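Remarks on the structure that follows.
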Amino acid sequence: MASSLTTFTDEARIALDTLSGRATGLFSPSLRLGVTGLSRAGKTVFISALVHNLIHGGRLPLFEAQKSGRIARAFLEQQPDDAVPRFQYEDHIAALVNDRAWPDSTRAISELRLTIEYESASGWSRMFSSGKLSVDIVDYPGEWLLDLPLLGKSFADFSREAFEMAVLPVREDLSQAWRTLSAQIDPNADADEMSARRLAESFAAYLKACKLDERALSTLPPGRFLMPGDLEGSPALTFAPLAGLGDRRPRPGSLHAMMDRRYEAYKTHVVKPFFREHITRLDRQIVLIDAMQALNAGPGAMADLERAVTEILSCFRPGRGSFLTDLFSRRIDRILVAATKADHLHHESHDRLQAIVRRLADRAVARANFTGADVDVVAMAAMRATREGTVKQGRETLPVIIGTPIAGEKINGETFDGKTETAIFPGDLPENIDAVFDISGPDHKQDSVDPAIRFVRFRPPKLERTAEGVTLSLPHIRLDRALQFLIGDHLA
């Protein structure tokens, strides 16, 4: 699908940009790593933990270059794109370490350059390589990525699909108010700003309700309706799907014509520049998934998450090119799909979490007709907020996780204060992962995998300090494995 998202002119601009970047890279090798995921999947924490562990020499036993002592140092440099906001690494680390608070979610695109000086493992490579790699980390909301399929759809297509999604059992009650309002408005009537505004606000309210923890739905385009930024209130965001359009062309001056025009403006001025200027420039990609939130909400949320991952993968440009084609076009040759917050489960359930996400990713890869890149899956926690232990309950010894739940979190009627450390038995994920994706049950809207499973959010841990008062690197689960897959081959 990615090939249908650009025009010949777009491709020419992409080729010139790529050629310029390749020329610069001859003297200063770089790798562009995209980090995305739907909100609260942990993008900000992942980037902060990755940088902190490399700069401070964290424990990364599966990251070969670090394990073998070949990394001399890692440090931050000025990013190459002056028009892109800088990822505020220092502020995020201060929040995690000093305040023990999770940083704010990604609301827009940002970038950070991390440079690694290393010694190649190969004597031949040491003769011809500078032993220096700059990793340009590009952080962007997954909600924006889900807008890219709109580039290949007309307003009538978008409207039809939006109404089909809205009547799914997991969404039907949430979309009722918007669908009722839409049924009262004639698309062929004269264009009216207040009608357009009411429809847009009602549609946006429905999308926001889908995103709440109770439903935890993922496929919610247009993404800027959830994160409008400086576009809030603009005509490009004041549109909504219309019912019963069929294939007829809009009457000039009608509400249908107004909505159609604004939808096309959204694609032209918001979606297409994002794809051309950022997505087509990536070399590697990690997609972070909060499977815990979807598991809590039930099979309907898991099915929707699978749909979202399928659409995300279909927007990338996968594959490996030749020396000649690589001069003019970048391809993403490795994608990691990571289930975050593995620290919310005992390690005995990590394999099952990984199996769930493996199945989700495999099905999404097949449905997206996605070929040409290596795709891997990992269950991880970029920053580990809990530790493991055991407790006695009668004659049973239960594996537990120990941490400080965020204030307001609840289990069995108990509300946590955000200060008290607690041991929690989170339960076990099901052995039969088919149940996770089965939406045929009578109450799949809220029927989660097992009422005995308890997922709560924890505060960041209190970090240990050395005798000299130096804060140790952020603890993690399998961050080293993620690093090895994403950049390890460039440091060989």
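These numbers were taken from a predicted model, which means no experiment stands behind them.
Under the 4.5 Å side-chain criterion, counting only non-hydrogen atoms from C-beta, P221 is not in contact with P149. Under the 4.5 Å side-chain criterion, counting only non-hydrogen atoms from C-beta, L146 is not in contact with C315. No side-chain heavy atom of T44 sits under 4.5 Å from any side-chain heavy atom of D104. Side-chain contact between L50 and I137: present, with at least one pair of heavy atoms (C-beta onward) separated by less than 4.5 Å. Between I356 and M302 there is a side-chain heavy-atom pair separated by less than 4.5 Å. Side-chain contact check for S30 versus R113: some heavy-atom pair is nearer than 4.5 Å. Inter-residue side-chain proximity for L237 and V270 is flagged as unmet; no heavy-atom pair is nearer than 4.5 Å.
Between the Q285 side chain and the G34 main chain, a donor and an acceptor come within less than 3.5 Å of each other. Within the 3.5 Å criterion, the main-chain N or O of A209 finds no donor-acceptor partner in the side chain of R215. In this structure a side-chain-to-backbone donor-acceptor pair under 3.5 Å is missing from H56 to L474. Panel note: side chain K43, backbone V35; no donor-acceptor pair is recorded below 3.5 Å. Formation of a donor-acceptor pair under 3.5 Å by the K341 side chain with backbone atoms of G42 is not found in this model. In this structure, the side chain of T36 engages the main chain of G142 through a donor-acceptor pair within 3.5 Å. Checking side-chain atoms of T390 against main-chain N and O of P399 turns up no donor-acceptor pair under 3.5 Å. Not one N or O on the side chain of E111 forms a donor-acceptor pair closer than 3.5 Å with the backbone of Q79. With hydrogens and angles disregarded, a donor-acceptor distance shorter than 3.5 Å links the side chain of H350 to the backbone of A342. No donor-acceptor pair closer than 3.5 Å links the side chain of T386 to the backbone N or O of G403.
Between R459 and E409 there is no salt bridge, since no side-chain N of the basic residue sits under 4.0 Å from a carboxylate O of the acidic one. Between E306 and R359, none of the side-chain N atoms (NZ, or NE/NH1/NH2) sits under 4.0 Å from a carboxylate O, so this pair counts as no salt bridge. With respect to the salt-bridge test (charged N to carboxylate O, under 4.0 angstrom), the residues D283 and R32 do not qualify. R481 has a carboxylate O that lies under 4.0 Å from a charged side-chain N of D376, or vice versa, which qualifies the two as a salt bridge. Salt-bridge annotation for K67 and D480: absent, with no side-chain N of the basic residue lying under 4.0 Å from a carboxylate O of the acidic one. The pair R281-D136 does not count as a salt bridge, with every side-chain nitrogen at least 4.0 angstrom from each carboxylate oxygen.
Among the candidates V337, L313, I335, the single residue satisfying the side chain to side chain contact (heavy atoms under 4.5 Å, CB included) test with V365 is L313.
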Test log, rule side-chain contact (heavy atoms from CB on, under 4.5 Å), inputs L150 and Y266: CA-CA 10 Å; L150 299 180; Y266 181 80; 4.2 Å; yes
Verdict with reasoning, H52 to M383, per side-chain contact (heavy atoms from CB on, under 4.5 Å): CA-CA 10 Å; H52 193 270; M383 182 171 182; over 6 Å; no
Chi angles and distances behind the side-chain contact (heavy atoms from CB on, under 4.5 Å) call for H490, V135: CA-CA 10 Å; H490 280 264; V135 182; over 6 Å; no
Stepwise side-chain contact (heavy atoms from CB on, under 4.5 Å) test for L353 and H344: CA-CA 11 Å; L353 175 62; H344 290 41; over 6 Å; no
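F225 CZ to L231 CG: the interatomic distance, rounded to the nearest 0.5 Å, is 10.5 Å. For the atom pair CG (D139) and CG (L33), the distance works out to 10.0 Å, reported to the nearest 0.5 Å.
H278 and F274 have tilted rings, their planes meeting at an angle from 30° to 60° on a 0 to 90° scale.
Residues satisfying the salt bridge (charged side-chain N to carboxylate O under 4.0 Å, His left out) criterion with D417, sequence neighbours excluded, are absent altogether.
Within a 6.0 Å sphere centred on CD of E232, other residues, nucleotides and ligands contribute 12 heavy atoms or fewer. The neighbour count for N432 CG, taken as heavy atoms of other residues, nucleotides or ligands under 6.0 Å away, is above 12.
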